[in-house]
Trainee: 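The structure is given below, and queries will be raised subsequently.
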Amino acid sequence: LSKGSFYHFFESKEALLRAVLEMYLGALRPMVVDPAFARTPEPVDRIFAILAGYRERILQTQCTYGCPLGRLALEIDPENRPAHKLIAQNFEGWIAAVRECIEGARNELPRGTDAEALATYVLAVMEGGVMVSRSSGSVAPFDRAVSQLREHFRLLLAAGKTKRVAR
């Protein structure tokens with residue numbers, strides 16, 4: 001694309017970045033969430049189906065995959081508030097999809113489980129696992145992080161079951 005053509009479609013590089021981030025907002029559900037949710041009706045299993053999709057991307061790229069949003073969040077100048085606002089909205093959409101799963105499992109979890117905090121934790125595990133896997137050139141760090149998250153959910157579900165039996 002020539003410089004003249006670029007500026008015909010976008011007023012600046014920042015405008016292009018905003019357009020890409022807005023496109024990502026619309027693509028999260030159909031490209032990431034819906035395919036994962038189609039794999040299973042179980043709310044907690046849906047969380048791990050989303051994570052399995054990221055694992056597939058890591059493997060397909062021989063561990064060079066890096067979440068584009070995570071990379072942009074770290075690389076974009078902190079003063080570029082419009083771009084960071086859109087990155088945050090993308091992360092919020094991801095958290096909302098996971099929170100939806102947690103809310104769907106509400107009756108199985110201990111009373112008082114903070115769905116927003118737990119969904120944010122899931123995002124942090126995914127982002128961190130992807131980043132460490134890319135750096136190490138191995139899917140093993142991602143697998144270890146997801147395994148630990150799975151154990152966390154197992155403990156939460158067991159605690160929720162114990163409370164229901166005691167009532």
Trainee: Would you name the heavy atoms of F142 and G129 that are closest together and state the gap between them?
Mentor: CD1-C, 3.6 Å
Trainee: Looking only at non-hydrogen atoms, find the nearest pair between R39 and G53 and report the distance.
Mentor: NH1-N, 4.2 Å
Trainee: List the atom of V130, the atom of C67, and the distance in Å for their closest heavy-atom pair.
Mentor: CG1-N, 3.6 Å
Trainee: Could you tell me the separation between the CG atom of D143 and the CZ atom of R150, rounded to the nearest 0.5 Å?
Mentor: 10.5 Å
Trainee: Roughly how far, to the nearest 0.5 Å, is CG of L28 from CD of Q89?
Mentor: 12.5 Å
Trainee: Any donor and acceptor pair, going by atom type alone, linking the side chain of R106 with main-chain N or O of T113 inside 3.5 Å?
Mentor: yes
Trainee: Taking all non-hydrogen atoms of both residues, which atom of I95 and which atom of A119 are closest, and how far apart?
Mentor: O-CB, 3.5 Å
Trainee: Check the hydrophobic clustering (I, L, V, M, F, W, Y; side-chain heavy atoms under 4.5 Å; chains of links allowed) and say if W94 and M23 are grouped together.
Mentor: yes
Trainee: Do F153 and L118 touch side chain to side chain, with heavy atoms closer than 4.5 Å?
Mentor: yes
Trainee: Any side-chain to backbone donor/acceptor pair from S136 onto V132? Under 3.5 Å, distance only.
Mentor: yes
Trainee: Got Y121 and L149 here, is their nearest side-chain heavy-atom distance under 4.5 Å?
Mentor: yes
Trainee: Taking side chain as C-beta onward, heavy atoms only, is C101 less than 4.5 Å from F37?
Mentor: yes
Trainee: Which heavy atom in P30 sits nearest to a heavy atom in G26, and how many Å separate them?
Mentor: CD-O, 3.3 Å
Trainee: Does some side-chain heavy atom of Q60 sit less than 4.5 Å from a side-chain heavy atom of Y65?
Mentor: no
Trainee: Determine, stepwise, if the pair E108 / K161 fulfils salt bridge (charged side-chain N to carboxylate O under 4.0 Å, His left out).
Mentor: CA-CA 6 Å; E108 300 173 55; K161 189 178 226 178; over 6 Å; no
Trainee: List the residues meeting side chain to side chain donor-acceptor pair (under 3.5 Å) with R134, not counting sequence neighbours, and say none if there are none.
Mentor: none
Trainee: Is any side-chain N of the basic residue among R29 and E100 closer than 4.0 Å to the acidic one's carboxylate O?
Mentor: yes
Trainee: Step by step, work out the side chain to side chain contact (heavy atoms under 4.5 Å, CB included) result for V32 and R57.
Mentor: CA-CA 11 Å; V32 175; R57 285 180 199 85; 3.8 Å; yes
Trainee: So how far is it from R99 CZ to L123 CG, rounded to the nearest 0.5 Å?
Mentor: 12.0 Å
Trainee: Taking P41's backbone N and O only, do any of them form a donor-acceptor pair with D45's side chain (distance below 3.5 Å, no angle check)?
Mentor: no
Trainee: Do L59 and I50 sit in one hydrophobic cluster, given that two such residues count as connected whenever their side-chain heavy atoms are within less than 4.5 Å of each other, even indirectly?
Mentor: yes
Trainee: Please examine the side chains of P43 and I102, heavy atoms only from C-beta on, and report whether any two atoms are closer than 4.5 Å.
Mentor: no
Trainee: Rounded to the nearest 0.5 Å, how far apart are OG of S133 and CD1 of I58?
Mentor: 4.5 Å
Trainee: Report yes if the side chains of T40 and F48 come closer than 4.5 Å at any heavy-atom pair, otherwise no.
Mentor: no
Trainee: To the nearest 0.5 Å, tell me how far L157 CG sits from H152 NE2.
Mentor: 10.0 Å
Trainee: Are R55 and V146 close enough, and set up right, to give a side chain to side chain contact (heavy atoms under 4.5 Å, CB included), and what steps lead you there?
Mentor: CA-CA 10 Å; R55 185 180 195 280; V146 171; over 6 Å; no
Trainee: Any chance you could measure I87, atom CD1, to K85, atom NZ, to the nearest 0.5 Å?
Mentor: 13.0 Å
Trainee: Does the side chain of L21 come within less than 4.5 Å of L72's, by heavy atoms?
Mentor: yes
Trainee: What do you reckon, is CD of E103 surrounded by more than 12 foreign heavy atoms closer than 6.0 Å?
Mentor: yes
Trainee: For a quick test of reading the model, state the closest non-hydrogen atom pair linking H84 to I76 and the distance between them.
Mentor: NE2-O, 3.1 Å
Trainee: State yes or no: do V125 and I47 share one hydrophobic cluster built from I, L, V, M, F, W and Y residues joined by side-chain heavy-atom distances below 4.5 Å, directly or via other members?
Mentor: yes
Trainee: Between P82 and E14, is there a side-chain heavy-atom distance shorter than 4.5 Å?
Mentor: no
Trainee: Do the side chains of M131 and V122 join up, straight or via other hydrophobic residues, at under 4.5 Å, putting them in one cluster?
Mentor: no
